[in-house]
Amino acid sequence: MSNILIINAHQPSPYSEGRLNGSLVERAKIQLMEKGHEVEMVTMQEQVDVEEQLKLFQWADRVIVQMPVNWMSTPWMFKKYMDEVFTAGMGGALCQFDGRSSEDPKRNYGTGGTRTNTKYMLSLTFNAPQESFDDIDEYLFQGKSVDDLMFHMHSNFRFFGMSSLPTFACYDVMKNANVEADFLRFDAHLKAHF
């Protein structure tokens, strides 16, 4: 069985209390523990101790990041978490700096990751409908996928040597939510990949 760190990256706002992201985190915790996995969780509403978070990353062989996509990116509290925890991990806990050597300083940027046996999964909630992705005729994303939009997140985890599990997404959650169907898809996704 795996050691799984679940990060609830939701940040409450006037538009979103975080019930859906919180419910997905709880579903993941219950389902994964029932399968015999060890689960630890952190939320952005907690006081974060950087050293404790680094220990959790070193303990985990799977990491789930549950977050709403705010302005095409992460909530700012999670960005702060990344800036603090990820930067502190550059001395070996997450990576050996950026992987380059003084002998060849122009090559191999991002190859210093020390978490090469760890997998991660992004689980995202969007106001955007699913149809706005992967369609060249759709204005905003111009045919790009969810993973294209989240390339910066994938790059962060690749920097640590981690490999990705398939991304999960709930779409159109503010105007046309289908929460029960999303829960069923989420349960199936976890069952398939954990």
Side-chain angles (χ1 to χ4, degrees), residues 1-11 16 18-46 48 52-70 73-75 77-79 81-82 85-86 89 93-95 113-126 128 130 133-134 145-173 177-194:
M1 293 294 108
S2 298
N3 294 332
I4 302 172
L5 172 60
I6 302 175
I7 300 172
N8 183 348
H10 183 267
Q11 175 182 333
S16 174
R19 289 189 313 242
L20 177 57
N21 284 278
S23 295
L24 290 166
V25 164
E26 275 304 307
R27 289 182 87 82
K29 176 185 173 186
I30 291 167
Q31 184 173 333
L32 295 169
M33 289 177 74
E34 285 176 352
K35 289 177 78 173
H37 298 288
E38 295 290 324
V39 176
E40 292 287 340
M41 298 192 318
V42 64
T43 176
M44 298 304 98
Q45 282 68 62
E46 296 173 39
V48 172
E52 286 179 17
Q53 294 306 303
L54 288 175
K55 287 177 186 170
L56 285 174
F57 268 94
Q58 292 177 305
W59 165 83
D61 30 49
R62 301 289 182 271
V63 176
I64 298 173
V65 176
Q66 178 64 56
M67 70 175 201
V69 176
N70 291 357
S73 191
T74 64
M77 289 174 77
F78 184 53
K79 176 62 167 81
Y81 174 96
M82 290 190 298
V85 175
F86 292 4
L94 300 175
C95 61
T114 59
R115 304 303 310 145
T116 55
N117 292 323
T118 304
K119 295 181 184 282
Y120 71 93
M121 183 184 96
L122 301 179
S123 180
L124 310 168
T125 58
F126 284 95
Q130 184 173 3
F133 295 97
D134 303 302
S145 71
V146 167
D147 287 309
D148 291 332
L149 180 65
M150 292 293 109
F151 182 75
H152 63 289
M153 290 298 299
H154 290 297
S155 296
N156 286 330
F157 289 113
R158 283 184 56 82
F159 200 87
F160 304 140
M162 297 166 73
S163 56
S164 66
L165 294 165
T167 298
F168 178 81
C170 298
Y171 302 95
D172 214 355
V173 300
N178 191 348
V179 175
E180 291 307 316
D182 287 339
F183 285 165
L184 291 174
R185 288 187 312 104
F186 185 67
D187 292 348
H189 191 88
L190 291 176
K191 185 175 182 182
H193 300 292
F194 289 87

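Since this is a predicted model, take the numbers as computed values, not measurements. Values reported hereafter were calculated over all heavy atoms of this structure, with side chains retained and with hydrogens, waters and symmetry mates removed.
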side-chain contact (heavy atoms from CB on, under 4.5 Å) with V63: of L122, L165, T118, only one passes, and it is T118
Practice task
Would you check if the side chain of Q11 reaches a backbone N or O of M77 as a donor-acceptor pair within less than 3.5 Å?
Solution key: yes
CZ (F194) and NZ (K35) are apart, to the nearest 0.5 Å, by 8.5 Å
Note: D182 and F168 closest approach over all heavy atoms is O-CZ, 3.7 Å
Q.
Please check: side-chain N/O of Q66 versus main-chain N/O of I6, any donor-acceptor pairing under 3.5 Å?
A. no
Tell me whether the count of non-hydrogen atoms from other residues, nucleotides or ligands lying under 6.0 Å of CZ in R27 goes above 12.
yes
Between the CE atom in M1 and the CZ atom in R62, the distance rounded to the nearest 0.5 Å is 10.5 Å
For K79 and M44: C-alpha separation, side-chain torsions, deciding distance, then whether side-chain contact (heavy atoms from CB on, under 4.5 Å) applies. CA-CA 10 Å; K79 176 62 167 81; M44 298 304 98; over 6 Å; no
Looking only at heavy atoms, the pair that brings D134 and S145 closest together is OD1-CB, 3.1 Å
So NE2 of H189 and CE of M121: to nearest 0.5 Å the spacing works out to 4.5 Å
When rounded to the nearest 0.5 Å, the distance separating NE2 of H193 from NZ of K119 is 11.0 Å
The side-chain contact (heavy atoms from CB on, under 4.5 Å) partners of S23 (sequence neighbours excluded) come to F183
**Asked** Between the main-chain N or O of Q58 and the side-chain N or O of R115, is there a donor-acceptor pair closer than 3.5 Å?
**Response** yes
Checklist entry - Is there a side-chain contact (heavy atoms from CB on, under 4.5 Å) between L24 and T125 once you walk through the steps? => result CA-CA 10 Å; L24 290 166; T125 58; 4.0 Å; yes
*Can you tell if the side chain of M41 reaches within under 4.5 Å of the side chain of N8, non-hydrogen atoms only?*
no
> So, do M150 and M67 sit near enough that their side-chain heavy atoms are less than 4.5 Å apart?
Replying inline: yes
message: Would F159 and N156 count as a side-chain contact (heavy atoms from CB on, under 4.5 Å) here? Give the steps.
response: CA-CA 5 Å; F159 200 87; N156 286 330; 5.6 Å; no
Measure up the H154 and Y120 rings against each other and bin them: parallel (under 30°), tilted (30 to 60°), perpendicular (over 60°).
-> tilted
Q. Is K55 atom NZ crowded by more than 12 heavy atoms from other residues, nucleotides or ligands, each under 6.0 Å away?
A. no
On a heavy-atom basis, the closest approach of S123 and F186 is OG-CE1, 3.5 Å
Assess the side chains of N3 and E38: does a donor N or O sit below 3.5 Å from an acceptor N or O?
no
The reported gap from NZ in K29 to CD1 in I64 (rounded to nearest 0.5 angstrom) is 13.0 Å
Determine, step by step, whether T114 and F57 satisfy the side-chain contact (heavy atoms from CB on, under 4.5 Å) criterion, reporting the C-alpha distance in whole Å, the side-chain angles of both residues, the deciding distance to 0.1 Å, and the verdict.
CA-CA 11 Å; T114 59; F57 268 94; over 6 Å; no
**Prompt:** Quick check: are there more than 12 heavy atoms from other residues, nucleotides or ligands sitting under 6.0 Å from CD of Q45?
**Reply:** yes
Parallel, tilted or perpendicular: which describes the rings of Y81 and F86, with under 30° parallel and over 60° perpendicular?
perpendicular
In this structure, CG of L54 is separated from CG of L94 (nearest 0.5 Å) by 5.5 Å
With L124 as partner, the option from D147, T74, V69 fulfilling side-chain contact (heavy atoms from CB on, under 4.5 Å) is V69
Q) Do the side chain of R185 and the main chain of A169 share a donor and acceptor less than 3.5 angstrom apart? A) yes
What one should report as the nearest heavy-atom pair of Y171 and A128 is CB-O, 3.4 Å
Heavy-atom nearest pair, A9 first then P75, reads O-CG, 3.2 Å
